Asker: 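What follows is a structure written as structure tokens; I'll ask about it next.
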2 protein chains.
Amino acid sequence: MKLLPERTVERLSKYRRVLQRELDNGTDHIYSHELAKLLHITPVQVRRDIMLIGHTGTLRKGYSIDNLIKLISEIIDCSSSVQNVAIVGIGKLGQALLDYLTGSNTKLNLSAVFDNNPDKIGTSYSGTVCYSIENLKKIVKREGITIGILTVPPEFAKEVSTMMKDAGIVGIINFTPVSLKLDGTFLEEYDVITTLEKVAYFSKPKNAKLL
Amino acid sequence: MKLLPERTVERLSKYRRVLQRELDNGTDHIYSHELAKLLHITPVQVRRDIMLIGHTGTLRKGYSIDNLIKLISEIIDCSSSVQNVAIVGIGKLGQALLDYLTGSNTKLNLSAVFDNNPDKIGTSYSGTVCYSIENLKKIVKREGITIGILTVPPEFAKEVSTMMKDAGIVGIINFTPVSLKLDGTFLEEYDVITTLEKVAYFSKPKNAKLL
DNA sequence: TAACAACTGTTACAAAAATCACATTAAAAT
DNA sequence: ATTTTAATGTGATTTTTGTAACAGTTGTTA
């Protein structure tokens with residue numbers, strides 16, 4: 001299949017989540033406008049996304065929830081090969097994200113946690129043992145980890161991200177405020193302060209972007 | 001001034017941060033290509049953003065760092081009125097974000113923290129006292145809080161976000177996986193699992209969006 | 001002082017994302 | 001059976017975002 005737009009992939013993740021809830025409630029079909037309402041978007045956008053992944057609904061009956069979930073899962077999880085995730089830097093943020101991850105029913109598998117604090121190494125976090133960053137390459141290779149969550153202090157961000165790439169990680173979410181660039185790696189930056197300042201700007205009366 | 005594009009505002013926040021660092025290092029002017037390099041973007045984009053905020057550099061000398069920081073601050077912080085922030089739900093994620101916030105030199109002022117856990121109410125978190133959610137409206141009005149960070153468990157997301165709006169909060173960052181919609185409020189959603197699944201999708205070999 | 005190099009500012013263009021408009025069709029109502 | 005209604009699927013359009021190209025200007029060098 002052709003590469004999907006980023007925003008579509010994001011929405012697919014959300015579709016799947018709410019669809020699973022509907023399925024658990026015993027619903028078996030859903031209309032585009034119903035799905036749209038659950039996510040506060042437009043029905044057209046839902047239909048277009050579904051069109052893009054090649055699914056087709058039934059006129060006057062809507063989309064089969066079961067089929068849709070299966071298809072989205074094939075696309076995101078790639079069913080064949082599980083993707084293993086590591087959290088690098090298990091401070092407060094790392095631990096908070098860990099909880100989100102283990103609490104959700106995503107198919108991504110948290111395989112390891114890394115830190116350089118001797119007190120943490122060897123400790124178990126929500127059932128996942130913490131390794132020394134020194135062993136990053138070894139463990140990443142052994143566990144077949146491909147995705148990394150980077151939550152180290154900013155001064156280590158660059159160095160550690162390079163280590164992650166060299167170890168074979170191909171997708172990184174960077175939660176440090178340090179801007180990174182790694183060729184051959186899909187990098188997603190998330191900067192809390194920037195987001196907050198953006199919200200501050202757009203919620204000021206004169207910039208009324210208040211939808 | 002005309003409303004700025006969202007992406008530009010995001011970049012302004014990042015410009016300011018790295019510019020402050022340069023200033024602290026004793027640099028007083030910077031070229032677009034230097035600033036671009038620090039954030040791994042293109043020089044054109046930097047010049048374009050700076051043009052949009054009405055600043056103008058000096059040919060062959062670049063931009064005055066000091067002036068640029070001042071201008072960006074006027075735009076984002078609106079210097080006149082400080083914007084007060086509250087964190088609603090002080091679990092692990094809330095506490096992690098609190099650290100980011102108090103550790104950064106943003107002009108946004110963290111004024112209060114809320115939770116419904118009796119053990120937490122009255123406790124001080126990084127110098128900010130935790131109030132009961134029952135008193136949200138009262139405290140928000142008293143402290144003049146306009147921005148809220150929502151980090152409650154998903155089952156409370158909708159109810160609490162409505163309370164926040166009713167209390168007078170006009171900008172919310174929603175860290176719960178529950179999609180929200182509040183008229184008259186600028187709402188920014190951040191969904192860790194969705195981001196992670198997006199990274200998983202784009203870092204798969206066949207979807208090689210590896211820049 | 002003439003030619004060149006380096007950097008800004010901006011217009012024109014391209015790409016990505018969202019929305020509109022409407023053809024199509026299946027079920028329900030008359 | 002015919003009309004109406006309610007839904008999907010998609011080409012066309014608009015909006016947002018990013019990039020390219022280059023004119024203009026200032027300092028440097030020959």
Side-chain angles (χ1 to χ4, degrees), chain A residues 1-15 19 27-65 67-68 71 179 181 186 188-189 194 198 201-202 207 209 211, chain B residues 1-15 19 27-65 67-68 71 179 181 186 188-189 194 198 201-202 207 209 211:
Chain A
M1 185 189 306
K2 207 181 157 321
L3 195 66
L4 297 170
E6 284 204 27
R7 296 300 144 83
T8 295
V9 175
E10 288 176 15
R11 284 189 296 268
L12 289 178
S13 162
K14 297 178 195 230
Y15 293 156
L19 287 171
T27 321
D28 63 347
H29 280 73
I30 195 168
Y31 297 127
S32 60
H33 68 263
E34 293 173 320
L35 188 44
K37 194 163 191 186
L38 291 170
L39 296 174
H40 302 104
I41 58 179
T42 67
V44 189
Q45 195 150 58
V46 170
R47 293 204 298 276
R48 182 155 296 272
D49 286 337
I50 291 177
M51 186 190 92
L52 284 176
I53 62 173
H55 184 82
T56 162
T58 319
L59 205 46
R60 302 284 293 203
K61 287 191 70 180
Y63 302 93
S64 152
I65 295 183
N67 289 162
L68 206 40
L71 182 54
S179 162
K181 179 84 191 308
F186 183 81
E188 176 79 11
E189 314 231 321
T194 287
K198 180 174 82 168
Y201 174 83
F202 283 111
N207 301 329
K209 194 157 181 172
L211 312 175
Chain B
M1 182 189 308
K2 206 182 157 321
L3 195 67
L4 297 170
E6 284 204 29
R7 296 299 141 83
T8 294
V9 175
E10 289 178 12
R11 282 188 298 267
L12 288 177
S13 161
K14 296 179 196 231
Y15 293 157
L19 286 171
T27 320
D28 63 346
H29 279 73
I30 195 167
Y31 296 127
S32 60
H33 68 264
E34 293 174 319
L35 187 45
K37 195 163 190 184
L38 291 169
L39 296 173
H40 300 108
I41 60 178
T42 68
V44 189
Q45 194 150 56
V46 170
R47 295 203 297 276
R48 169 55 81 97
D49 286 337
I50 291 177
M51 185 189 92
L52 284 175
I53 62 174
H55 183 83
T56 160
T58 319
L59 203 45
R60 303 278 296 198
K61 286 190 71 181
Y63 303 92
S64 154
I65 295 184
N67 289 162
L68 205 40
L71 181 55
S179 164
K181 178 85 189 307
F186 182 81
E188 175 80 13
E189 316 231 318
T194 287
K198 181 175 82 167
Y201 175 83
F202 283 112
N207 300 330
K209 193 157 182 172
L211 312 174

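Because only heavy atoms are used, hydrogens play no part in the values below, and waters and symmetry mates are left out as well, while side chains stay in. Per chain, numbering begins at 1; letters A, B, ... match sequence-line order. Computed from a prediction, not measured in an experiment: that's the story for all the values here.
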Asker: Would you jot down, in residue-number order, the residues of residues 41-51 of chain A having a non-hydrogen atom under 4.0 Å from DNA chain C?
Answerer: T42(A), V44(A), Q45(A), R48(A)

Asker: If you define the side chain from C-beta out and look only at heavy atoms, does anything of L71(B) sit under 4.5 Å from I50(B)?
Answerer: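 A side-chain contact under 4.5 Å is absent here.
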
Asker: Is there a donor-acceptor pair closer than 3.5 Å between any side-chain N or O of T58(A) and the backbone N or O of K61(A)?
Answerer: no

Asker: Contact class for S32(B) (heavy atom, under 4.0 Å): base, sugar-phosphate, or nothing?
Answerer: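 The answer is sugar-phosphate, as S32(B) gets under 4.0 Å only of primed atoms, P, OP1 or OP2.
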
Asker: dT15(D) P sits how many Å from R7(B) CZ, rounded?
Answerer: 18 Å

Asker: Just the rounded figure in Å: distance from C1' of dG27(D) to NE2 of H29(B).
Answerer: 15 Å

Asker: Specify the closest pair of heavy atoms between H40(B) and K181(A), including all atoms of both residues, with the distance to one decimal.
Answerer: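 Closest heavy-atom pair between H40(B) and K181(A): CD2-CB, 3.3 Å.
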
Asker: If you take all heavy atoms of T194(B) and E10(A), which pair is closest and at what distance?
Answerer: CG2-O, 3.5 Å

Asker: With a 4.0 Å cut-off on heavy atoms, is T56(A) in touch with a base, just the backbone sugar-phosphate, or nothing at all?
Answerer: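 It contacts sugar-phosphate atoms only.
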
Asker: Rounding to a whole Å, what distance do you find between L59(B):CG and dT28(D):C1'?
Answerer: 13 Å

Asker: With distance as the sole test, does Y201(A) use its side chain to make a donor-acceptor pair with the main-chain N or O of L4(B) at under 3.5 Å?
Answerer: yes

Asker: L52(B) has an atom CG; how far is it from atom P of dG9(C), in whole Å?
Answerer: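 Distance, rounded to whole Å: 12 Å.
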
Asker: Could you pick out which residue, H33(B) or K61(A), lies toward the 5' side of DNA chain C when each is mapped onto its nearest nucleotide?
Answerer: H33(B)

Asker: OH of Y31(B) versus P of dA6(C): gap in Å, rounded?
Answerer: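 These atoms are roughly 11 Å apart.
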
Asker: Let me know the distance between NZ of K198(B) and P of dA16(C), rounded to the nearest Å.
Answerer: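 About 14 Å, once rounded to whole Å.
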
Asker: Does the plane of the ring in F186(B) sit parallel, tilted or perpendicular to the ring in F202(A)? Use 30° and 60° as the thresholds.
Answerer: parallel

Asker: Hey, does the side chain of Q45(B) reach the backbone of T42(B) with a donor-acceptor pair shorter than 3.5 angstrom?
Answerer: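 Judged by distance alone, no pair lies under 3.5 Å.
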
Asker: Under 3.5 Å, is there any donor-acceptor pair linking the side chain of R60(B) to the base of dA5(C)?
Answerer: yes

Asker: Can you tell me the distance, in whole Å, between the CD atom of E6(B) and the P atom of dT17(D)?
Answerer: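 For the pair E6(B) CD and dT17(D) P, the rounded distance is 6 Å.
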
Asker: Once you round it to whole Å, what is the distance between P of dA7(D) and NZ of K37(A)?
Answerer: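 After rounding, the gap between these two atoms is 12 Å.
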
